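Chain A is the first sequence line, chain B the second, and so forth, proteins listed ahead of strands; every chain is numbered from 1. Just so it is clear, the structure is predicted and the values come from calculations on it, not from any experiment.
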2 protein chains.
Amino acid sequence: MVTQSEENYLKTIYHLGKQGVEAVSTNAIAEQMETKASSVTDMVKKLAEKDLANYVKYQGVSLTKVGRLTAASVIRKHRLWEVFLVNKLKFSWDEVHEVAEQLEHIKSEQLIDKLDEFLDFPKVDPHGDAIPDKEGNFAKISKKLLSECASGEEGIFVGVKDSSASFLQYLDKQHISLGDKIKILHREEFDQSVEIMVNSSLLNISQKTATNIYLQQK
Amino acid sequence: MVTQSEENYLKTIYHLGKQGVEAVSTNAIAEQMETKASSVTDMVKKLAEKDLANYVKYQGVSLTKVGRLTAASVIRKHRLWEVFLVNKLKFSWDEVHEVAEQLEHIKSEQLIDKLDEFLDFPKVDPHGDAIPDKEGNFAKISKKLLSECASGEEGIFVGVKDSSASFLQYLDKQHISLGDKIKILHREEFDQSVEIMVNSSLLNISQKTATNIYLQQK
DNA sequence: CTTATTTTTTAGTCTAATCTAAAAAAATAT
DNA sequence: ATATTTTTTTAGATTAGACTAAAAAATAAG
Ligand SMILES: [Mn+2]
Ligand SMILES: [Mn+2]
Ligand SMILES: [Mn+2]
Ligand SMILES: [Mn+2]
């Protein structure tokens, strides 16, 4: 049995280390999970003991095949629940993370299969992140950061890199929503801010904002 | 904060002691929860410490007002999730209990409010049990055990007393479903079995079955 | 190549929730 | 009224997960 805490560690290692393939440092995990390095060392030993992780003292952790699959399954559940909360229960996209953080640990294959069907087999969550299938495979969506687009280029807003409530609320306030067509009009050399056209209105966004918006082109 | 384990104890005490008002014995709780009496003693002390229960050594436990409200809230969540699983995800009524046992511990007021609305404010769960409102009040449904009905009487099948999977599956096999009209034709003195009419077909049910079926009359 | 700094691990505590075995109290039976 | 049985509590251990402080290893600077 994989505990809730183990699942949270697996998810973090998965995210930090390119799907858990690259070795991740103890400190990186501790920082991400807001816990102490010594706690991470303990847990990482346990994951290795259970053959969910590869761990060599002082050399970081990566995930085994089983570990990766387990992590992907948790991520799948997290994102499906987020879709449920937004599409069915009318949560807004900045309110769902905490609740999904709990729901992702509910243990029932049947539940997730039926939820997936009920939601009509969504491929992305409310933040534009891909939902892995049961085998842990992601549909590769080609997307590019707005900050990397040249002026004149345009694309559809399909995802956010930062999905903190504050950023999502900022986007709401600016009336920038997933699915909108965005055109890059001008990039200011001085501060890297960008002038864009969204919903036929002009907007100026900071460099920080531009590095957190994904566009899909053509 | 009330832990998951504490919530489970509160729920059990609530069910065993007439909504937690009557004192419940340590052994009764232990048996119900399939744990040891010594574990119950420990937990009960903790609940008393947190002002969720009234506990006097050797005299059993009852719930405080806050304890009762907390228990009712967990039961509310459990039953709302059961409705969701059956009505929306198409689980059958014998499959939902275990999953609801986990879902009932998800912490989010907003989630439950929105779920309640999404389900159209149901008053009973898939087993005919009343769903308490946010204040912990149950809509009193007048229902009577089939075993207590005289021959000639009839009523609508509105609930089960035993909601074990095996009993529910037995009812499915006999094509007896919630909402069916049942008429008592004859009670056999010898073994207390009952001949009934359901869906215009004759059926003979055991005494045990009869004591687990609730009818609503007129 | 040493010394200093940073990172990681170990050692030792702590809390929550469980258990077994033994002691104490309460209930039942002679 | 005493002895027996049952119930409940206590005492002591165990496991998971987290923490602090100290030791050890790895990395970076001079
Ligand atoms: Mn989580
Ligand atoms: Mn998301
Ligand atoms: Mn439960
Ligand atoms: Mn039920």
*Could you walk me through whether A:S38 and A:T41 pass the side chain to side chain donor-acceptor pair (under 3.5 Å) test, one step at a time?*
CA-CA 5 Å; A:S38 55; A:T41 302; over 6 Å; no
*Which of residues 12-31 of chain A have a heavy atom under 4.0 Å from DNA chain C?*
A:S25, A:T26, A:N27
*Compare all side-chain heavy atoms of A:L63 with those of A:N54 and state whether any distance is below 4.5 angstrom.*
no
*asked:* Rounded to whole Å, please give me the gap between CD in A:E34 and P in D:dC19.
replied: 11 Å
*With nearest nucleotides of DNA chain D determined for B:A37 and A:E6 from heavy-atom distances, which residue corresponds to the more 5′ nucleotide?*
B:A37
*Just by distance, with hydrogens left out, do B:H127 and B:E82 show a side-chain donor and acceptor under 3.5 Å apart?*
yes
_Distance, rounded to the nearest Å, where A:L47 contributes CG and D:dA18 contributes P_ = 11 Å
*asked:* Taking the six-membered ring for Trp, are B:H97 and B:H78 closer than 6.0 Å centroid to centroid?
replied: yes
*Are B:D125 and B:W81 linked by a side-chain donor-acceptor pair shorter than 3.5 Å?*
no
*Expressed in angstrom and rounded to an integer, what is the separation of B:D42 atom CG from C:dT20 atom P?*
13 Å
*asked:* Whether the side chain of B:S38 and the base of D:dT8 hold a donor-acceptor pair under 3.5 Å is what I'd like checked.
replied: no
*A:S166 versus A:Q169, side-chain donor and acceptor atoms under 3.5 Å*: no
*asked:* Aromatic contact between A:F84 and B:F84, with the criterion being ring centroids under 6.0 Å apart: yes or no?
replied: yes
Heteroatom pairs (N/O) under 3.5 angstrom, protein to nucleotides 25-28 of chain C:
{"from": "C:dA25", "atom 1": "O4'", "to": "B:Y58", "atom 2": "OH", "distance (Å)": "3.3"}

*Take the protein atom CD of A:Q59 and the nucleotide atom P of D:dA26, then report the distance between them rounded to whole Å.*
8 Å
*Is A:S39 touching bases, backbone alone, or none of the nucleic acid, heavy atoms closer than 4.0 Å?*
base
*Nearest-Å distance, NZ (B:K36) to P (D:dT7)?*
15 Å
*Between A:T70 and A:S73, a side-chain donor and acceptor under 3.5 Å*: no
*What is the distance from CE of B:M43 to P of D:dT9, rounded to the nearest Å?*
15 Å
*asked:* side chain to side chain donor-acceptor pair (under 3.5 Å) for A:D94 and A:S92? Distances and angles first, verdict last.
replied: CA-CA 6 Å; A:D94 59 299; A:S92 64; 2.7 Å; yes
*Counting heavy atoms from C-beta on, name the nucleotide in D:dT10, C:dT18, D:dA16 closest to the side chain of A:T3.*
D:dA16
*Looking at A:Y55, does any N or O in its side chain come under 4.0 Å of the phosphate oxygens OP1/OP2 on C:dT8?*
no
*When you check the phosphate oxygens OP1 and OP2 of D:dC19, does a side-chain N or O of A:T35 lie under 4.0 Å from one of them?*
yes
*For A:E49 and D:dT15, give me the distance from atom CD to atom P, rounded to whole Å.*
14 Å
_Assess, by modelled atom type and distance only, whether the side chains of A:D162 and A:S164 contain a donor and an acceptor separated by less than 3.5 Å._
yes
*Hey, is the side chain of A:Y9 poking within less than 4.0 Å of OP1 or OP2 on D:dA16, counting only N and O atoms?*
no
*Looking only at side-chain N and O atoms, does B:S5 come under 4.0 Å of OP1 or OP2 in C:dA16?*
no
